[in-house]
4 protein chains.
Amino acid sequence: MRAPGQLRADAQRNRELIIDTAREVFAEQGPGATMDEVARLAGVGAGTLYRHFPDRDSLIHAVLADALERMIALAQKAREEETWAWDALSRFVRGCAGLRLDLLISVAGAQVHRVAGTPEINEGRVRLLEVLDQIVSAAHDEGALRTDVGTGDVMGVVGLLVRGLPTLPAALGDELRERAVRLVLAGMRAHPAPSPPEQPLTAEELTRRFSAERES
Amino acid sequence: MRAPGQLRADAQRNRELIIDTAREVFAEQGPGATMDEVARLAGVGAGTLYRHFPDRDSLIHAVLADALERMIALAQKAREEETWAWDALSRFVRGCAGLRLDLLISVAGAQVHRVAGTPEINEGRVRLLEVLDQIVSAAHDEGALRTDVGTGDVMGVVGLLVRGLPTLPAALGDELRERAVRLVLAGMRAHPAPSPPEQPLTAEELTRRFSAERES
Amino acid sequence: MRAPGQLRADAQRNRELIIDTAREVFAEQGPGATMDEVARLAGVGAGTLYRHFPDRDSLIHAVLADALERMIALAQKAREEETWAWDALSRFVRGCAGLRLDLLISVAGAQVHRVAGTPEINEGRVRLLEVLDQIVSAAHDEGALRTDVGTGDVMGVVGLLVRGLPTLPAALGDELRERAVRLVLAGMRAHPAPSPPEQPLTAEELTRRFSAERES
Amino acid sequence: MRAPGQLRADAQRNRELIIDTAREVFAEQGPGATMDEVARLAGVGAGTLYRHFPDRDSLIHAVLADALERMIALAQKAREEETWAWDALSRFVRGCAGLRLDLLISVAGAQVHRVAGTPEINEGRVRLLEVLDQIVSAAHDEGALRTDVGTGDVMGVVGLLVRGLPTLPAALGDELRERAVRLVLAGMRAHPAPSPPEQPLTAEELTRRFSAERES
DNA sequence: AATGAATGAGGATTCATTCAT
DNA sequence: CATGAATGAATCCTCATTCAT
């Protein structure tokens with residue numbers, strides 16, 4: 001009865017653990033991952049998962065909201081720490097790729113309204129756009145960002161690039177995304193600085209690596 | 001005797017009909033779409049669907065293989081009909097977005113090996129890379145394509161861009177992808193022609209359209 | 001139009017072919033065997049099978065009726081060709097084991113009334129009992145058959161012995177049945193002739209053969 | 001506090017309940033009985049059945065393994081409680097008929113390897129043969145069992161006799177099996193004691209009872 | 001009359017969610 | 001408050017039967 005109140009932080013700990021686990025599970029197993037699998041890998045019982053998130057949509061919503069906060073934090077940190085707005089923009093776009101947001105791919109149809117149409121998500125998106133807007137405006141002022149590229153374009157590009165290439169071996173997929181990010185950034189640049197020439201990724205190399213990594 | 005032939009139950013016709021329907025259904029409803037729904041929208045019984053594709057993986061594989069053929073045809077047509085390789089490349093990248101390949105994004109985990117690891121798919125990928133390689137090489141020769149952008153990069157970019165943005169209203173998602181394609185193409189250009197200034201997509205506009213289209 | 005009437009016997013040929021195939025398929029694959037499998041192994045289309053037997057019960061009924069006729073023929077032949085009634089009885093019991101009637105095991109519950117309750121089957125059973133009755137009576141008169149063993153007992157024993165031991169390797173199952181038949185016949189004998197001593201089938205031998213034949 | 005304990009949801013209890021129910025259902029309705037029917041008659045949901053037995057084969061395997069244990073217990077009890085080995089043997093053979101093992105007869109083809117080829121079953125069979133071997137040896141020593149009848153013969157005979165005669169009314173089928181067991185035991189006897197004369201089961205009586213019980 | 005593709009009702013199985021312990 | 005067994009609606013898939021060719 002007179003519990004000394006020591007396991008009070010546990011619930012919050014569990015909540016975060018479940019969200020982190022769910023993001024990984026959805027990223028790796030795709031949208032077909034089951035609630036039981038999430039609970040099992042999080043090391044909790046199914047009942048505990050459902051205590052925190054009353055249904056599947058609720059869990060997905062939490063993962064999305066959490067990801068949105070991470071993106072906001074990423075943008076804020078980039079804006080604060082980078083001297084040049086272009087570098088902040090570049091850092092943000094590159095950073096988003098590390099969020100394991102492949103979950104986005106599992107959201108479709110009517111589910112979108114249920115999990116991504118809440119006030120919390122909408123408000124988060126507004127906050128993210130606000131921060132990005134500051135970066136984009138500053139980048140325009142710097143003359144580094146093409147004037148016909150707006151904040152909305154940045155969001156669109158990020159939305160496309162954060163997701164992986166699940167049909168490819170993980171390492172190859174990550175590198176292709178890395179390179180695609182560079183191409184997009186180059187396309188956004190007002191007067192692209194003559195980027196130091198790199199090696200192109202040839203078809204032969206792609207095929208070679210595809211086969212090589214499939215072996216491992 | 002001279003039956004007007006109105007009920008021709010053609011198995012091959014059915015097979016193609018099912019694949020086309022499945023691509024649309026998966027693109028619209030996500031990977032959670034039921035087999036019965038695919039069958040219903042294709043106008044056939046569940047048994048017919050399963051006669052052609054013994055299980056769900058088999059159907060997904062067929063959709064992927066069919067999509068690969070479409071991409072190959074798209075690349076070949078672009079190469080043959082465009083005078084400049086750069087235009088062919090641009091046409092290919094833009095064209096892929098119209099293939100409704102959102103299905104690609106729902107394949108993950110062990111399923112990848114089952115549906116995208118067959119000889120048929122591997123051989124198709126090789127053929128696609130061959131055609132693309134010719135276009136990329138010619139674009140290099142034209143001096144239009146950055147020398148550090150290879151065929152593999154094109155494939156990676158296409159893989160990322162063909163997919164939709166399911167969390168956004170369809171029309172908005174399509175436009176964002178359109179614009180992202182233009183950015184990528186700009187980034188690939190060796191000496192980007194001074195593109196006629198357009199309007200940037202601002203955060204305000206993005207938010208406005210997001211809300212507006214969600215209403216409809 | 002003026003068909004010379006040459007493929008008239010084909011239908012009857014097909015009918016017998018299907019019955020024979022069905023008996024084998026049910027004996028080997030158990031009651032779970034599908035109609036398609038029967039049709040395939042019989043080398044006909046599903047439509048042909050259904051032309052002869054409008055539904056599954058109809059096919060099973062035909063197999064049972066056919067088997068009954070075979071048993072009757074077996075009993076008549078034994079009665080006519082054997083000098084001693086005991087030998088005829090013995091021959092009949094042994095012979096039934098070769099009819100592959102494992103199908104009987106798949107008939108249960110309400111299905112029994114549908115497939116084994118027809119006038120044709122009932123009439124066939126009466127005819128079989130008549131023939132057996134003659135043999136049994138004669139065997140009683142010979143003094144070879146225990147007086148407390150009647151025709152009904154013979155039928156019961158046959159019903160139990162005609163079926164195989166599906167959980168054992170085929171050859172071992174057949175031999176066990178062979179030996180069981182001998183034991184039953186010995187038990188029926190009024191004053192059992194001192195049967196030439198054989199080797200008993202020991203547990204070691206049973207285990208050895210079970211393992212050995214499972215390998216092949 | 002001192003709850004009278006009336007709703008104890010015990011998983012182990014459920015497991016045994018399901019096995020018992022399945023044995024009865026398969027015995028009565030044949031192998032075509034549905035899983036839902038088993039669950040319904042066991043008073044549990046389909047999900048509970050599948051939690052305990054992931055598929056149909058798993059359930060059948062459990063029923064077989066359980067039946068094997070019952071046979072072993074039957075043999076051990078008979079050996080311990082009977083003074084004469086012959087009586088133990090007789091008791092075992094008669095007792096097996098009461099195990100409702102008709103399920104055995106529905107297992108065929110590839111299913112045999114899946115449900116009866118596990119180490120658990122194999123080890124159980126070995127244990128059963130060991131106990132039976134002791135009884136058979138002792139019966140040989142008593143001079144009661146024919147020397148050419150081994151443990152393997154006993155198993156074969158039991159395997160054939162435990163099953164019912166599904167095409168006959170239940171009561172008639174049971175009696176026929178009863179009588180067949182007596183015949184087999186008589187056949188196994190070294191010097192059969194002059195069994196008190198009983199009434200033979202005549203063809204007329206068989207037909208009469210067949211019709212009579214079909215009415216009820 | 002034969003064929004085999006199409007049908008769809010029904011049975012097997014899964015998994016989101018609930019609830020007794 | 002955690003646990004994991006139980007639930008049963010929903011889905012996948014099969015196969016007996018029909019029907020267009």
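Quick note on labels: first sequence line is chain A, next is B, and so on, each numbered from 1. Worth knowing before you read on, the calculation uses all heavy atoms, side chains too, and leaves out hydrogens, waters and symmetry mates. What you see is a predicted model, and the numbers here were worked out from it, not measured in a lab.
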Does OP1 or OP2 of F:dA5 have a side-chain N or O of D:Thr48 closer than 4.0 Å?
->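 Result: no.
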
Rounded interatomic separation in angstrom, taking [atom1] from [X] and [atom2] from [N]:
| X | N | atom1 | atom2 | answer |
| --- | --- | --- | --- | --- |
| C:Glu37 | E:dG4 | CD | C1' | 16 Å |
| C:Met35 | F:dT18 | CE | C1' | 13 Å |
| C:Arg13 | E:dA1 | CZ | C1' | 16 Å |
| B:Arg56 | E:dT14 | CZ | C1' | 13 Å |
| B:Arg40 | E:dA6 | CZ | P | 19 Å |
| A:Leu59 | E:dC15 | CG | C1' | 15 Å |
| B:Asp36 | F:dC13 | CG | C1' | 9 Å |
| C:Arg51 | F:dT17 | CZ | P | 16 Å |

Report which part of the nucleic acid C:Thr34 touches: base, sugar-phosphate, or nothing (heavy-atom distance under 4.0 Å, all strands).
-> sugar-phosphate

Could you check whether C:His52 gets within reach of a base, just the sugar-phosphate, or nothing at all, counting any heavy atom under 4.0 Å?
->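 Counting heavy atoms under 4.0 Å across all strands, no contact is made by C:His52.
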
When you get a sec, tell me which of [options] is the closest nucleotide to the side chain of [X]?
| X | options | result |
| --- | --- | --- |
| D:Ala46 | F:dC12, E:dT17, E:dT13 | E:dT13 |
| B:Asn14 | F:dC12, E:dA6, E:dT13 | E:dA6 |
| C:Val44 | E:dA9, F:dA9, E:dT3 | E:dT3 |
| C:Tyr50 | E:dA12, E:dT7, F:dT18 | F:dT18 |
| A:Asp55 | F:dT18, E:dT17, E:dT14 | E:dT17 |

Can you check whether D:Val44's main-chain N or O pairs, donor with acceptor, with D:Thr48's side chain at less than 3.5 Å?
-> no

Stem segments of DNA chain E by first residue number [Watson-Crick or G-U, under 3.5 Å, at least 3] =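 The stems are E:2-21 with F:2-21.
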
Find out whether B:Arg114 and B:His61 are in side-chain contact, i.e. whether some heavy atom of one side chain is under 4.5 Å from a heavy atom of the other.
-> no

Is D:Arg13 salt-bridged to D:Asp20, cutoff N-O under 4.0 Å?
->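 The answer is no: the pair does not qualify as a salt bridge.
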
Walking DNA chain F from its 5' end, the first of C:Ala33 and C:Gly47 to be reached, judged by nearest nucleotide, is C:Ala33

Could you list all the salt bridge (Lys or Arg N to Asp or Glu O under 4.0 Å) pairs where at least one residue sits in residues 37-52 of chain B, not counting sequence neighbours?
-> B:Glu37-B:Arg40

Please round to the nearest 0.5 Å and tell me the distance separating atom CZ of C:Arg23 and atom CD1 of C:Ile18.
-> 13.0 Å

Can you tell me how far OG of D:Ser58 sits from NE2 of D:His52, rounded to the nearest 0.5 angstrom?
->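 If we round to the nearest 0.5 Å, D:His52:NE2 and D:Ser58:OG are 11.0 Å apart.
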
Working for side chain to side chain contact (heavy atoms under 4.5 Å, CB included), residues B:Phe53 and B:Arg15 = CA-CA 9 Å; B:Phe53 309 102; B:Arg15 186 189 150 88; 3.4 Å; yes

